[in-house]
Q: 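The structure follows.
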Amino acid sequence: MTASAAAPTAASAVVAAPALRVRDLSVTFTGPRGAVTAAEGITFDLARGEVLGLVGESGSGKSTVGLAAMGLHDPARTRITGSLEVGGTQVVGALDAELRALRGSRVAMVFQDALAALSPFHSVGAQLAEAYRVHHRGAPRAEARDRAVDMLERVGITAARARDYPHQFSGGMRQRVMIAMALINSPDVLIADEPTTALDARVQRQVLDLLDELRREHGTAVVLVTHDVGVVAHATDRVLVMRDSMQLELASTERVLTAPEHPYTRALIGAAPTLNTVPGTRLATVDEPEPKPRTAARAVVADARPLAEVTDLYVEFGGGRTWSGRRREPTRAVRGISLSVREGETLGLVGESGSGKSTTARVLAGLQRPTSGEVRFEGRDISGAAGDAALRRELSRHAQLVFQDPYASLNPRRTVEQIVTTPLRVHTRADAAERRERAVELLEQVGLSADHLERYPHEFSGGQRQRVGIARALALRPRLIIADEPVSALDVSVQAQVLNLLMDLRDELGLSLLFVSHDLAVVRHFCDRVAVMRHGEIVETGDRDEVFDRPSAAYTRELLAATV
């Protein structure tokens with residue numbers, strides 16, 4: 001969807017009242033440290049059938065504007081001024097009863113954290129049906145169930161999964177459930193807060209096509225909060241750029257992407273890698289809009305020996321029998337795959353949610369016991385590491401993980417110094433002074449400073465948290481870093497910072513990396529070889545340029561064609 005593909009109702013939008021009208025909106029939070037302004041002077045109109053992209057870094061105020069449209073800010077701790085109307089109904093200062101009737105019916109929201117937004121105690125089908133019946137009182141239960149199943153199928157989830165619970169879905173599938181719940185009542189305005197962040201290219205395209213279909217059928221207006229420039233280019237009519245709670249630029253998508261006025265906007269666009277970006281080059285960031293070229297090219301030995309490898313690997317979950325004695329078939333997460341990470345190379349492991357990427361990574365890290373097959377590190381059998389504490393401890397000196405979520409992977413009760421030095425305390429005999437000295441060295445290596453040692457994770461941005469996680473992973477000078485979606489939760493400029501950092505560390509330290517990602521542009525930019533997974537199997541593997549320029553598997557071609 002682009003500006004040229006406007007909805008049929010766009011011509012009448014001039015005389016019709018906008019679906020969403022915002023005038024001089026300011027949101028201020030009060031807390032123990034005083035007042036903090038999260039959004040200031042935001043003004044725009046959103047016509048029926050129009051898609052507005054709301055872009056900016058974490059903390060810029062994007063989600064604050066979306067939550068204000070839903071009337072979800074706590075009035076006891078939030079001061080909202082200005083005007084915000086949904087279909088002519090004023091949200092600012094509205095009574096709770098008015099807001100309850102509005103939410104989910106005329107304005108709905110897709111939240112970024114699907115796991116936190118879904119109830120763990122109810123099946124996904126029951127939750128969707130409830131969302132329908134709340135606004136269709138008197139509707140038969142069978143009608144609500146049918147509507148729930150229909151919405152699940154429209155977002156790519158089979159009817160058979162309607163009785164499953166959120167914990168039984170992958171992250172991407174949970175996000176699709178959230179989208180189905182938001183769309184079930186065909187709202188006038190949809191606030192989509194990073195709705196495709198956790199999705200692979202093919203499912204991302206399905207979701208964006210679904211949003212396009214909804215706005216064409218029902219004239220639904222969409223506020224699309226995202227940091228993905230590709231999504232902005234594909235799915236929006238206009239773009240509003242925010243930074244530090246302020247509105248910097250508002251114009252058509254074509255003009256913002258081709259001739260941005262503000263330097264910050266130009267930096268954001270330059271920070272996003274595409275399939276056409278020269279692999280291995282440094283990416284632009286807000287702090288470094290014109291990055292210096294890399295000083296030395298990295299040589300990868302094509303016939304280097306494998307550092308870590310799996311052969312004919314199978315991993316199954318579940319099985320056994322139910323409480324009634326009926327046999328339950330196990331879920332095969334990984335089905336007979338073989339792959340290796342060579343010394344000094346970066347192997348990209350790509351595929352859709354639930355394809356088995358993270359399971360494979362956990363097996364190589366010694367955190368998941370394989371059902372069968374061989375797992376080796378430097379030629380040594382490590383297949384029993386998940387059940388052997390001594391072997392797992394020894395392996396962790398040489399192979400470390402960088403997790404996807406920089407918010408959940410750090411202990412909120414520990415300082416940065418305690419977090420970074422934990423591996424040293426467990427694996428070495430270094431005293432407190434030596435551990436602190438190493439922590440300072442690590443922080444400086446990842447672009448932080450000694451001043452950050454006494455701080456806690458909540459005092460950092462998402463990108464800074466991920467840097468702390470990388471510093472912890474490097475503490476023991478490992479040979480292999482297993483990075484499981486390390487940049488998918490980060491804003492585009494912060495993502496560029498972390499990718500630049502990983503490239504620098506890889507070159508400086510001679511690291512080998514297993515890079516798990518669903519972002520094909522990032523994989524092409526960062527990796528030497530690529531393995532493509534689907535339904536627990538590897539459908540294609542080869543050198544980066546070979547896989548991206550001459551893919552042999554139909555599924556790989558589908559992924560590339562779906563990349564926005």
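Keep in mind the model is a prediction, meaning the values are calculated, not measured.
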Q: Could you tell me whether the side chain of D388 and the main chain of A390 form a donor-acceptor pair under 3.5 Å?
A: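 Yes.
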
Q: Measure across F403 and Q466 and return the closest heavy-atom pair with its distance rounded to 0.1 Å.
A: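 Looking at all heavy atoms of both residues, the closest pair is O-NE2, 3.3 Å.
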
Q: Step by step, would you call V232 with V55 a side chain to side chain contact (heavy atoms under 4.5 Å, CB included)?
A: CA-CA 8 Å; V232 168; V55 302; 3.5 Å; yes

Q: Closer than 3.5 angstrom, by distance alone: can the side chain of R529 be matched with the main-chain N or O of S340 as a donor-acceptor pair?
A: yes

Q: Got D209 and H234 here, is their nearest side-chain heavy-atom distance under 4.5 Å?
A: yes

Q: Between L474, L448, I470, which is the residue that forms a side chain to side chain contact (heavy atoms under 4.5 Å, CB included) with L442?
A: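 For L442, the side chain to side chain contact (heavy atoms under 4.5 Å, CB included) check succeeds only for L474.
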
Q: Mind running side chain to side chain contact (heavy atoms under 4.5 Å, CB included) on V231 and L208 for me, showing each step along the way?
A: CA-CA 8 Å; V231 169; L208 293 177; 4.1 Å; yes

Q: Is a salt bridge present between E441 and R477, judged by a nitrogen-to-oxygen distance below 4.0 Å?
A: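 Salt bridge present between E441 and R477.
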
Q: Quick one about E352 and H518 (side-chain donor to acceptor, distance below 3.5 Å, no hydrogens or angles considered), yes or no?
A: no

Q: Using a 4.5 Å cut-off on heavy atoms from C-beta on, say whether the side chain of F377 contacts that of E394.
A: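 Side chain of E394 against side chain of F377, heavy atoms only: no contact under 4.5 Å found.
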
Q: Mind listing the closest non-hydrogen atom pair of D528 and E345 along with its distance?
A: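 Closest heavy-atom pair between D528 and E345: OD2-CA, 3.4 Å.
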
Q: Kindly indicate, with the supporting measurements, whether the criterion side chain to side chain contact (heavy atoms under 4.5 Å, CB included) is fulfilled by L480 and I482.
A: CA-CA 6 Å; L480 174 67; I482 300 170; 4.0 Å; yes

Q: Say whether H535 and S355, considering side chains only, have a donor N or O and an acceptor N or O under 3.5 Å apart.
A: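 No.
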
Q: Which residues satisfy the ring pair (Phe, Tyr, Trp, His ring centres under 6.0 Å) test with F29, sequence neighbours excluded?
A: H73

Q: Is a side-chain donor or acceptor of Q400 paired with a backbone partner of S396 at a separation under 3.5 angstrom?
A: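 The answer is yes, because a donor-acceptor pair under 3.5 Å joins these two groups.
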
Q: Are S383 and P370 side-chain neighbours, meaning at least one heavy-atom pair lies under 4.5 Å?
A: yes

Q: OG1 of T360 to CG of L339: how many Å apart, nearest 0.5 Å?
A: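 Spacing of OG1 (T360) from CG (L339) equals 6.5 Å.
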
Q: Considering only heavy atoms from C-beta outward, does the side chain of R438 approach that of L424 to under 4.5 Å?
A: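 They are in contact (side-chain heavy atoms under 4.5 Å apart), so the answer is yes.
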
Q: Between Q418 and T415, is there a donor-acceptor pair closer than 3.5 Å when you use the side chain of the first and the backbone of the second?
A: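 A pair under 3.5 Å: yes.
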
Q: Mind checking the OG1-CG spacing from T253 to L52? Nearest 0.5 Å is all I need.
A: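 Spacing of OG1 (T253) from CG (L52) equals 8.0 Å.
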
Q: Do you know which two heavy atoms are closest between P273 and A521, and how far apart they sit?
A: O-CB, 3.4 Å

Q: Using the salt bridge (charged side-chain N to carboxylate O under 4.0 Å, His left out) rule, collect all pairs that involve residues 512-527, keeping only residues at least two apart or in two chains.
A: R524-D545, R524-D549

Q: Can you list every salt bridge (charged side-chain N to carboxylate O under 4.0 Å, His left out) pair that touches residues 358-376, not counting sequence neighbours?
A: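 Every salt bridge (charged side-chain N to carboxylate O under 4.0 Å, His left out) pair that includes a residue of residues 358-376, provided the two are not neighbours, is E374-R376.
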
Q: I'd like to check the salt bridge (Lys or Arg N to Asp or Glu O under 4.0 Å) partners of R550; sequence neighbours left out, ordered by chain and number.
A: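 Applying salt bridge (Lys or Arg N to Asp or Glu O under 4.0 Å) to R550 gives none.
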
Q: Hydrogens and angles aside, do S338 and T311 bring a side-chain donor and acceptor to less than 3.5 Å of each other?
A: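 No - no donor-acceptor pair under 3.5 Å links their side chains.
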
Q: What's the shortest heavy-atom distance between L347 and C527, and which atoms?
A: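 Scanning both residues completely, I find the closest heavy atoms to be C-SG, 4.3 Å.
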
Q: Can a donor-acceptor pair be found, under 3.5 Å and without considering hydrogens, that links the side chain of E459 to the backbone of Y456?
A: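 Flag set: sc E459 to bb Y456 pair under 3.5 Å.
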
Q: Taking salt bridge (Lys or Arg N to Asp or Glu O under 4.0 Å) as the definition, give me every residue that meets it alongside E417, ordered by chain and number, with sequence neighbours left out.
A: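 Expected list: R436.
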
Q: So which heavy atom on G348 is nearest to which on V523, and how close?
A: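 Closest pair (atom of G348, atom of V523, distance): CA-CG1, 4.4 Å.
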
Q: Flag the pair P120 / H167 as yes when at least one side-chain heavy-atom distance between them is below 4.5 Å, and no otherwise.
A: no

Q: When you check the side-chain N and O atoms of T346 and R506, is any donor under 3.5 Å from an acceptor?
A: yes

Q: Does a side-chain heavy-atom distance below 4.5 Å link V530 with T541?
A: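 V530 vs T541: side chains apart.
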
Q: Can you tell me if T265 uses its side chain to pair, donor with acceptor, with the backbone of V256 under 3.5 Å?
A: no

Q: Any sub-3.5 Å donor-acceptor pair from S512's side-chain atoms to R342's backbone N or O?
A: yes

Q: Just so I know, are the side chains of I337 and Y314 near enough to count as touching, which here means a heavy-atom distance under 4.5 Å?
A: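 I337 vs Y314: side chains apart.
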
Q: When rounded to the nearest 0.5 angstrom, what distance separates OG1 in T359 from CZ in R332?
A: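 T359 OG1 to R332 CZ: 14.5 Å, rounded to 0.5 Å.
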
Q: So L401 and L367, do their side chains get closer than 4.5 Å, heavy atoms only?
A: yes

Q: Could you tell me whether a side-chain N or O of H398 sits under 3.5 Å from a main-chain N or O of L395, the two making a donor and an acceptor?
A: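 Side chain of H398 to backbone of L395: no pair is present.
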
Q: Measure the spacing between OG1 of T274 and CD1 of I269 and express it to the nearest 0.5 Å.
A: 12.5 Å

Q: So, the side chain of E249 versus the backbone of H262: is there a donor-acceptor pair under 3.5 Å, distance only?
A: yes

Q: Report the distance from atom CG of L443 to atom CD of Q464, rounding to the nearest 0.5 Å.
A: 11.0 Å

Q: Specify the closest pair of heavy atoms between L54 and M242, including all atoms of both residues, with the distance to one decimal.
A: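 Between these two residues, the closest heavy atoms are CD1-SD, 4.0 Å.
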
Q: Can you check side chain to side chain contact (heavy atoms under 4.5 Å, CB included) on F548 and L520, steps first, answer last?
A: CA-CA 9 Å; F548 280 93; L520 297 183; 4.0 Å; yes

Q: Name all pairs fulfilling the salt bridge (charged side-chain N to carboxylate O under 4.0 Å, His left out) condition that reach into residues 425-434, sequence neighbours left out, sorted by first residue then second.
A: none

Q: Identify whether the distance between the nearest side-chain nitrogen and carboxylate oxygen of R479 and E378 falls below 4.0 Å.
A: yes

Q: Go through the side-chain N and O atoms of T371 and E316 and say whether any donor and acceptor fall under 3.5 Å apart.
A: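 There is no such pair between these side chains.
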
Q: Knowing that exactly one of L349, I538, T556 qualifies, which makes a side chain to side chain contact (heavy atoms under 4.5 Å, CB included) with V532?
A: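 With V532 as partner, L349, I538, T556 yield a single side chain to side chain contact (heavy atoms under 4.5 Å, CB included), made by T556.
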
Q: Looking only at atom types and distance, does a side-chain atom of H525 sit under 3.5 Å from a main-chain N or O of T281, one as donor and one as acceptor?
A: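 Confirmed, H525 side chain pairs with T281 backbone.
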
Q: Atom OG1 of T236 and atom CD of E254: how far apart are they, to the nearest 0.5 Å?
A: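 T236 atom OG1 to E254 atom CD measures 11.5 Å (nearest 0.5 Å).
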
